[in-house]
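What follows is one structure encoded as structure tokens, with my remarks underneath.
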Amino acid sequence: MDGLNASEQRELAARMERKQLKEFMTMYSKLVQKCFDDCVNDFTTKSLINREESCVMRCVDKYMKGSARLNERFQEQNAAMMQQGQMPGR
């Protein structure tokens, strides 16, 4: 953000915040859709049955752990590239 005036810095920060929110909402929507599709199949009651509820909990846990691990690996790769003097994406 060096070289930007205060107004440009605020605009950049606002854009980054909107992008992060959009990415979070996309991830959340995918999680809900996947776990619903995989776990919910009894529509005779308005609440989840025990089997569905435990399936959803396992699904969310697995999805979140997978996302966290993917993020860790990305950060590790990015750090390694920075140490080698490479720019990400090249």
Side-chain angles (χ1 to χ4, degrees):
M1 288 188 166
D2 293 339
L4 301 177
N5 65 38
S7 176
E8 292 170 331
Q9 288 179 2
R10 284 191 302 274
E11 175 64 25
L12 180 59
R15 285 184 184 198
M16 290 173 64
E17 189 174 314
R18 285 192 301 268
K19 182 175 173 50
Q20 287 175 336
L21 179 61
K22 183 179 178 183
E23 288 174 0
F24 171 79
M25 293 305 295
T26 299
M27 183 190 80
Y28 179 77
S29 294
K30 287 179 181 179
L31 169 65
V32 169
Q33 189 65 51
K34 172 147 182 46
C35 293
F36 181 87
D37 290 346
D38 288 352
C39 297
V40 179
N41 51 29
D42 182 3
F43 296 98
T44 60
T45 63
K46 63 181 181 178
S47 57
L48 295 175
I49 58 176
N50 289 341
R51 179 177 41 80
E52 292 171 332
E53 188 171 349
S54 63
C55 178
V56 168
M57 296 303 283
R58 284 191 313 272
C59 179
V60 169
D61 185 53
K62 189 173 187 176
Y63 191 94
M64 296 305 287
K65 285 179 181 176
S67 292
R69 182 63 183 135
L70 184 63
N71 188 38
E72 288 172 12
R73 289 292 296 147
F74 176 77
Q75 289 177 356
E76 290 167 5
Q77 292 293 322
N78 194 31
M81 288 171 50
M82 294 297 274
Q83 283 182 339
Q84 295 172 359
Q86 298 174 349
M87 295 298 293
R90 289 189 178 183

(request) Calculate, to the nearest 0.5 Å, the distance between atoms CG and CG belonging to N71 and N78 respectively. (result) 10.5 Å
(request) Over all heavy atoms of both residues, which pair between C39 and V56 is shortest? Give the atoms and the distance, please. (result) SG-N, 3.5 Å
(request) List in chain and number order the residues that pass side chain to side chain contact (heavy atoms under 4.5 Å, CB included) with E53, two or more places apart in sequence or in another chain; answer none if no residue qualifies. (result) L48
(message) If you compare all heavy atoms of M27 against all heavy atoms of S67, which two are closest, and at what distance to 0.1 Å?
(response) SD-OG, 4.2 Å
(message) Run the side chain to side chain contact (heavy atoms under 4.5 Å, CB included) test against E11 and tell me which residues pass, sequence neighbours left out.
(response) R15, R18
(message) I'd like to know if the two cysteines, C35 and C59, have SG atoms within less than 2.5 Å.
(response) yes
(request) Take E8 and L12 through the side chain to side chain contact (heavy atoms under 4.5 Å, CB included) test and state the conclusion after the steps. (result) CA-CA 6 Å; E8 292 170 331; L12 180 59; over 6 Å; no
(request) Mind checking side chain to side chain donor-acceptor pair (under 3.5 Å) for D37 and listing every partner two or more places apart, or none if nothing turns up? (result) Q33
(request) Output yes when a side-chain donor or acceptor of Q9 lies under 3.5 Å from a complementary backbone atom of L4, and no otherwise. (result) yes
(message) Hydrophobic clustering (ILVMFWY, side-chain heavy atoms < 4.5 Å, transitive) - are F24 and L70 grouped together?
(response) no
(message) Could you work out, with side chain to side chain donor-acceptor pair (under 3.5 Å) as the rule, every residue matching E23, not counting sequence neighbours?
(response) K19
(message) As an exercise, state the distance from OG1 of T26 to CG of L31, rounded to the nearest 0.5 Å.
(response) 12.5 Å
(message) Under the salt bridge (Lys or Arg N to Asp or Glu O under 4.0 Å) definition, can you give me all pairs with a residue in residues 38-51, not counting sequence neighbours?
(response) K34-D38
(message) According to salt bridge (Lys or Arg N to Asp or Glu O under 4.0 Å), does anything in residues 60-75 pair up with another residue at least two apart or in another chain? List the pairs.
(response) D61-K65, R69-E72, R69-E76, R73-E76
